[in-house]
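In what follows, a single structure is set out as structure tokens and then discussed.
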There are 2 protein chains.
Amino acid sequence: MDCGKVEQTLRLYQIKPSYHRIRIYQYLLERRNHPSADMIFQSLVREIPSLSKATVYNTLHLLAGKGLVRILGIVDNEARFDADTMLHGHFLCTFCGCIQDVHFQGALNDLLGLENCTIDESHLYFKGRCAVCRGLEQPLEPGDEAAGPENSS
Amino acid sequence: MDCGKVEQTLRLYQIKPSYHRIRIYQYLLERRNHPSADMIFQSLVREIPSLSKATVYNTLHLLAGKGLVRILGIVDNEARFDADTMLHGHFLCTFCGCIQDVHFQGALNDLLGLENCTIDESHLYFKGRCAVCRGLEQPLEPGDEAAGPENSS
DNA sequence: CTCTAAATTTAGAATGATTCTAAACTACTG
DNA sequence: CAGTAGTTTAGAATCATTCTAAATTTAGAG
């Protein structure tokens with residue numbers, strides 16, 4: 001991903017493109033692995049030793065506030081971040097922890113109970129066992145691995 | 001809600017109906033306000049002074065594990081609990097913090113990406129501003145109030 | 001009714017993601 | 001070069017949740 005292009009996008013969204021912001025947003029754009037703040041920090045701090053975790057949080061919230069990043073609440077104890085802001089859902093494998101994009105067709109009609117509400121965000125989450133954990137597929141994208149199993153039942 | 005009926009349901013789901021478990025599940029059944037663990041604790045500890053917060057967590061996870069309760073990940077920093085296990089979504093008002101049930105018709109077809117996965121749970125969340133906060137409805141159900149605003153922008 | 005083992009509950013400590021704070025640093029402006 | 005606003009930093013603080021080991025309660029056997 002071209003660094004200049006990332007910079008341009010940030011500017012377009014009224015975000016001053018500091019070095020750290022570029023690197024963090026670039027990480028999200030290149031590795032579409034729905035990382036946690038800590039995963040981003042651990043990966044970038046190797047190249048930017050002075051990087052602070054607070055900067056990662058600050059930047060992620062800034063990006064989210066401007067609509068460049070979506071915050072996923074699919075994992076229990078930590079937020080995950082996604083630079084893909086197009087409408088789509090997510091699947092969490094509760095065995096290996098991987099998160100996959102879910103695209104769908106069709107629509108939900110007549111959302112009963114929301115007649116007079118404004119909707120700013122929608123989230124669609126699925127949880128279960130992924131194809132690899134079921135032994136039906138070979139692991140393909142090494143960037144999408146998770147730290148470890150969360151569920152051993 | 002009849003206490004004996006609650007007891008029966010617990011037994012049906014292979015949960016030994018101790019006093020605390022009955023009270024906690026009864027709370028969830030009566031007050032359909034999607035409470036946090038702390039809200040349940042604060043409410044019940046007034047009548048059961050010896051109640052421990054660990055018991056609330058233990059019981060909620062037990063109920064969730066048996067399928068009697070759903071854990072909602074709609075709020076950022078805390079889990080919410082719902083005794084209604086029928087398929088439905090939820091709406092969070094980011095201004096007053098209230099959570100409303102969302103029922104819908106229609107279906108999502110062709111969940112691309114999940115072809116070889118098993119799905120154990122699905123969650124549909126919306127966030128926005130509720131009818132009351134928009135001034136279009138009068139507050140109706142006092143049991144569904146939240147602690148305070150989470151968003152003042 | 002008493003004893004015993006298992007299950008349940010408890011208080012408080014520990015954990016860990018996130019937020020806060022105040023200071024240090026950087027980049028522009030004049 | 002000084003001033004100001006914006007950015008970054010380390011480390012402390014917060015807070016929901018989990019863990020731990022002990023205390024208590026329950027159920028069943030004798």
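A note on names: the letters A, B, ... follow the listed sequences, proteins ahead of strands, and every chain is numbered from 1. Below, all heavy atoms of this structure are taken into account, side chains as well, without hydrogens, waters or symmetry copies.
Of all heavy-atom pairs spanning B:Phe91 and A:Cys117, the tightest one is CZ-CB, 3.8 Å. Looking at every heavy atom in both residues, A:Gly97 comes nearest to A:Leu92 through O-CD1, 3.6 Å. Considering all non-hydrogen atoms of both residues, B:Gly89 and B:Phe104 come closest at N-CE2, 3.8 Å.
Atom C1' of nucleotide C:dA17 and atom CD of A:Gln42 are separated by 13 Å, given to the nearest angstrom. Between B:Asp76 atom CG and C:dA17 atom P there is a gap of 16 Å when expressed in whole angstrom units. In this structure, CG of B:Leu62 is placed 13 Å from P of C:dA7, rounded to the nearest angstrom. In this structure, B:Glu78 places its CD atom 12 Å from P of D:dC15, rounding to the nearest Å. B:Asn58 places its CG atom 9 Å from the C1' atom of D:dT18, with the value rounded to the nearest Å. In this structure, the OH atom of B:Tyr57 is 7 Å from the P atom of D:dA16, given to the nearest Å. Separating the NZ atom of B:Lys53 from the C1' atom of D:dA16 is a distance of 8 Å, rounded to the nearest angstrom. Straight-line distance from the CD1 atom of A:Ile15 to the P atom of D:dT8: 11 Å, rounded to whole Å.
For the salt bridge (Lys or Arg N to Asp or Glu O under 4.0 Å) test with B:Arg23, the passing option among B:Glu30, B:Glu47, B:Glu7 is B:Glu47; the others fail.
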message: Could you go through A:His20 and A:Asn58, starting from their C-alpha distance and side-chain angles, then the distance that decides it, and tell me whether this counts as side-chain hydrogen bond (donor to acceptor under 3.5 Å, both in side chains)?
response: CA-CA 11 Å; A:His20 291 131; A:Asn58 288 342; over 6 Å; no

message: Does A:Val75 form a side chain to side chain contact (heavy atoms under 4.5 Å, CB included) with A:Ile99? I'd like the steps, not just the answer.
response: CA-CA 9 Å; A:Val75 180; A:Ile99 296 177; 4.0 Å; yes

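Residue B:Ser50 is classed as a sugar-phosphate contact, given heavy-atom separations below 4.0 Å to backbone atoms only.
No side-chain donor-acceptor contact under 3.5 Å links A:Gln26 to the backbone of A:Ile24.
Contact between the side-chain N/O atoms of A:Thr55 and the OP1/OP2 oxygens of D:dT9 is found at a separation under 4.0 Å. At C:dT9, one or more side-chain N or O atoms of B:Ser18 fall inside 4.0 Å of OP1 or OP2 (strictly under the cut-off). For B:His20 and C:dT10, the shortest distance from a side-chain N or O to OP1 or OP2 is below 4.0 Å.
Relative to the side chain of B:Ala54, the nucleotides D:dC19, D:dT8, D:dT17 differ in distance, and D:dC19 lies closest. The side chain of A:Arg21 has D:dT8 as its nearest neighbour among D:dT8, C:dT9, D:dA10.
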Look for any protein N or O under 3.5 Å of an N or O in nucleotides 28-30 of chain C and output each such pair with its distance, or none.
none

